[in-house]
Amino acid sequence: MPSPKPPFLLSPAQMRRLSPHFPLPHGIPRVDDRRVLSGIVYVIRHGLQWRDAPAAYGPHKTLYNRFIRWSRMGVFDRIFAALASEGGPPERIMIDSTHLKAHRTAASLLKKGLFPAFSGEPRAG
C-alpha cells in the first residue's frame with residue numbers, strides 16, 4: 001500500500017521564495033525539499049519528537065538530519081532574515097507568551113550552538 005500523500009504546509013509559491021536559501025545539492029539529488037520542510041514545520045509546530053512525525057513526510061531520521069544540518073549551516077537564519085526584511089519595519093511588535101511553545105530540547109539547541117545568532121556560541125561545523 002503506498003504511503004498517503006503528505007499534507008504540504010508550504011505552497012509551491014512559498015517554496016520558490018525559500019529555495020534560493022537552500023544549499024546546493026552535491027551530486028546526489030535530495031529528497032523532496034517541500035515534503036521535508038513541511039515535515040520539519042509540522043514537528044516543530046506541534047511540539048512532537050522527531051520519531052512521532054507522520055510517515056507521509058518521510059523517515060523521521062531524514063527530517064531530523066536535514067533540520068540539524070541546515071540549522072548548523074545557518075539556512076534557517078538566512079530564511080528568517082530574508083523574510084523579515086521583505087516586510088519593512090513593523091509598526092508594532094508584540095509577543096504573547098501564551099502562543100509560544102518551546103520543545104523540551106529547545107534549551108539544548110542553544111548550548112550546542114545550533115542557533116549561533118542567538119546563543120553567542122561559534123557555529124558548529
Side-chain angles (χ1 to χ4, degrees):
M1 182 170 138
S3 64
K5 185 178 178 185
F8 289 120
L9 300 175
L10 300 165
S11 70
Q14 290 170 322
M15 283 303 293
R16 281 192 297 278
R17 287 180 62 199
L18 299 179
S19 62
H21 304 287
F22 298 155
L24 298 174
H26 298 286
I28 300 171
R30 288 194 301 252
V31 295
D32 183 17
D33 285 335
R34 183 176 174 213
R35 183 189 76 187
V36 172
L37 194 55
S38 292
I40 290 170
V41 170
Y42 186 90
V43 167
I44 292 171
R45 179 185 285 175
H46 291 88
L48 301 176
Q49 293 184 15
W50 294 106
R51 67 175 171 257
D52 295 332
Y57 293 114
H60 66 89
K61 192 72 171 172
T62 301
L63 302 177
Y64 171 79
N65 287 339
R66 183 83 56 93
F67 174 75
I68 294 299
R69 188 176 334 114
W70 283 8
S71 294
R72 288 181 176 153
M73 294 172 69
V75 171
F76 296 114
D77 288 341
R78 290 192 301 273
I79 289 172
F80 296 144
L83 293 176
S85 68
E86 288 178 7
E91 286 184 27
R92 185 179 312 166
I93 297 175
M94 296 175 62
I95 297 176
D96 181 355
S97 64
T98 60
H99 290 83
L100 298 177
K101 183 177 182 180
H103 193 273
R104 64 181 158 268
T105 60
S108 67
L109 294 177
L110 289 178
K111 291 177 187 175
K112 293 178 183 175
L114 293 179
F115 296 99
F118 301 103
S119 65
E121 294 291 320
R123 194 175 298 267

Check Ala56 against Arg35 and note the closest heavy-atom contact, atom names and distance. O-CD, 3.6 Å

Of all the heavy-atom pairs spanning Leu48 and Asp52, show the shortest one and how long it is. CD1-O, 3.8 Å

Mind checking the CD1-CD1 spacing from Ile68 to Ile40? Nearest 0.5 Å is all I need. 9.5 Å

Before giving the answer on side chain to side chain contact (heavy atoms under 4.5 Å, CB included), spell out for Phe80 and Val75 the whole-Å C-alpha distance, their side-chain angles and the decisive distance to 0.1 Å. CA-CA 9 Å; Phe80 296 144; Val75 171; over 6 Å; no

Please identify each residue that fulfils salt bridge (Lys or Arg N to Asp or Glu O under 4.0 Å) with Arg78, with sequence neighbours left out. none

Roughly how far, to the nearest 0.5 Å, is CD of Gln14 from OG of Ser19? 12.0 Å

Smallest separation among heavy atoms of Tyr57 and Leu63, with atom names: O-CD2, 3.8 Å

Heavy-atom side-chain proximity of Val43 to Gln49 below 4.5 angstrom: no

All salt bridge (Lys or Arg N to Asp or Glu O under 4.0 Å) counterparts of Arg34, not counting sequence neighbours: none

Are His46 and Tyr42, when compared by the centres of their aromatic rings, separated by less than 6.0 Å? yes

Provide the closest heavy-atom pair for Arg30 versus Leu24 in the form atom of the first, atom of the second, distance. NH1-C, 4.0 Å

Counting C-beta onward and ignoring hydrogens, is there a side-chain heavy-atom pair between Leu83 and Arg17 closer than 4.5 Å? yes

Taking Lys61's backbone N and O only, do any of them form a donor-acceptor pair with Asn65's side chain (distance below 3.5 Å, no angle check)? yes

Please report the shortest heavy-atom distance between Ser38 and Leu10, naming the atom on each side. OG-N, 3.6 Å

So, the side chain of Thr62 versus the backbone of Gly58: is there a donor-acceptor pair under 3.5 Å, distance only? no

For Phe22, the ring-ring contact (aromatic ring centres under 6.0 Å, His included) test, sequence neighbours excluded, returns Trp70

